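Take a look at the structure set out below.
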Amino acid sequence: MKRAPVFYLAFASVFAALIAVFTAFLLHIPVPIGANTAYLHFGDCLIFLAASLLPTPWAMAAAAVGGGIADLLVAPMWAPFTIIIKALLALSFTSKNAKILTKRNLIALLPAYAITIAGYYIAEAVLYGNWITPVHSILGNVIQITGSGLLYILLGLILDRIHFKRFFAN
């Protein structure tokens with residue numbers, strides 16, 4: 001049975017809301033590194049999970065909307081950059097397998113590192129008009145994406161063990 005678009009819209013909306021809340025408020029741990037105080041959040045973990053469950057366009061929309069809303073609530077100047085960066089995070093993952101943690105989805109964490117680090121480096125350089133200052137924020141982004149990646153692996157193991165993906169089968 002092929003899922004109706006309303007099914008994907010509903011779950012993309014739920015993921016967008018969860019991404020926004022987990023990025024902006026829940027388990028929001030400041031990491032004072034560089035010119036800005038970065039923060040550790042688990043919104044990216046939910047982006048990875050959405051991209052492993054939903055078709056790519058829906059996952060990209062959930063990521064962009066969720067990340068954008070979080071930034072509009074917490075630090076609006078970052079929102080335009082975040083919308084693009086978070087949507088790109090969903091591109092490397094696939095939802096076409098029976099499991100969440102596939103070889104491709106584990107490898108997809110590597111481009112997620114690169115997209116996050118490069119994307120926010122460029123964003124900070126543009127915002128501050130300086131290409132040197134953002135170097136100090138790289139470590140904060142590494143910590144952030146590592147935390148989300150580890151939680152994604154843990155959640156993926158748990159959800160795969162209970163065969164959660166069957167619910168999303170096309």
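Keep in mind that what you see is a predicted model, and the values were worked out from it rather than measured.
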*asked:* If you define the side chain from C-beta out and look only at heavy atoms, does anything of Leu109 sit under 4.5 Å from Ile153?
replied: yes
*Does the side chain of Ser137 come within less than 4.5 Å of Tyr121's, by heavy atoms?*
no
*Phe81, CZ atom: more than 12 neighbouring heavy atoms under 6.0 Å*: yes
*asked:* Restricting to non-hydrogen atoms, name the atom on Ala51 and the atom on Ala59 that form the minimum distance, rounded to 0.1 Å.
replied: CA-CB, 3.5 Å
_Euclidean distance, Ile115 CD1 relative to Ile145 CD1, rounded to 0.5 Å_ = 9.0 Å
_Tell me whether Leu150 shares a hydrophobic cluster with Ile107, the cluster being built from Ile, Leu, Val, Met, Phe, Trp, Tyr side chains joined at under 4.5 Å._
no
*If Ile, Leu, Val, Met, Phe, Trp and Tyr residues are connected whenever their side-chain heavy atoms lie under 4.5 Å apart, and connections chain through other members, are Leu110 and Ile138 in the same group?*
no
*Specify the closest pair of heavy atoms between Phe93 and Thr56, including all atoms of both residues, with the distance to one decimal.*
O-OG1, 4.5 Å
_Testing the basics here: between Phe22 and Leu46, what is the closest heavy-atom pair and its distance to 0.1 Å?_
CD1-CD1, 3.6 Å
*Might you work through the side-chain contact (heavy atoms from CB on, under 4.5 Å) test for Met77 and Leu127, ending with a clear yes or no?*
CA-CA 8 Å; Met77 66 192 174; Leu127 286 172; 4.3 Å; yes
*Members other than Phe25 in its cluster, when Ile, Leu, Val, Met, Phe, Trp, Tyr link by side-chain heavy atoms under 4.5 Å?*
Val65, Ile69, Leu73, Val74
*asked:* Asn130: which residues meet the side-chain hydrogen bond (donor to acceptor under 3.5 Å, both in side chains) condition with it, sequence neighbours left out?
replied: Thr133
_Please give me the minimum heavy-atom distance between Leu72 and Ala79, naming the atom from each residue._
CD2-CB, 3.9 Å
*Restricting to pairs with a member in residues 108-117, which pass side chain to side chain donor-acceptor pair (under 3.5 Å), not counting sequence neighbours?*
Tyr113-Thr146
*Kindly work out whether a path of hydrophobic side-chain contacts (I/L/V/M/F/W/Y, heavy atoms less than 4.5 Å apart) joins Leu9 to Leu54.*
yes
*Side-chain touch Trp78/Ile83, heavy atoms, less than 4.5 angstrom*: no
*Within-4.5 Å side-chain heavy-atom neighbours: Phe15 and Ile47*: no
_Less than 4.5 Å apart, side chain to side chain, heavy atoms only: is that true for Tyr120 and Thr82?_
yes
_Nearest 0.5 Å, please: how far is CG in Leu157 from CD1 in Ile162?_
12.0 Å
Going by atom type alone, with no hydrogens or angles, which donor-acceptor pairs under 3.5 Å involve a side-chain atom of residues 84-92 and a protein atom two or more places apart or on another chain?
residue, atom, partner, partner atom, Å
Lys86, NZ, Asp44, OD1, 2.6
Lys86, NZ, Asp44, OD2, 3.2

_Applying side-chain hydrogen bond (donor to acceptor under 3.5 Å, both in side chains), can you list everything that pairs with Ser52, at least two apart in sequence or on another chain?_
Asn105, Tyr152
*Mark yes or no for whether Lys165, through its side chain, and Ser95, through its backbone, hold a donor-acceptor pair below 3.5 Å.*
yes
_Atom pair CG (Leu159) and CG (Leu49), whose distance is rounded to the nearest 0.5 Å_ = 6.0 Å
*asked:* Looking at every heavy atom in both Ser148 and His41, which two are closest together, and how far apart are they?
replied: OG-O, 3.1 Å
*Among all residues two or more places apart in sequence or in another chain, which pass the side-chain hydrogen bond (donor to acceptor under 3.5 Å, both in side chains) test with Ser13?*
none
*Identified side chain to side chain contact (heavy atoms under 4.5 Å, CB included) partner of Asp160 from the options Thr102, Leu155, Ile100*: Ile100
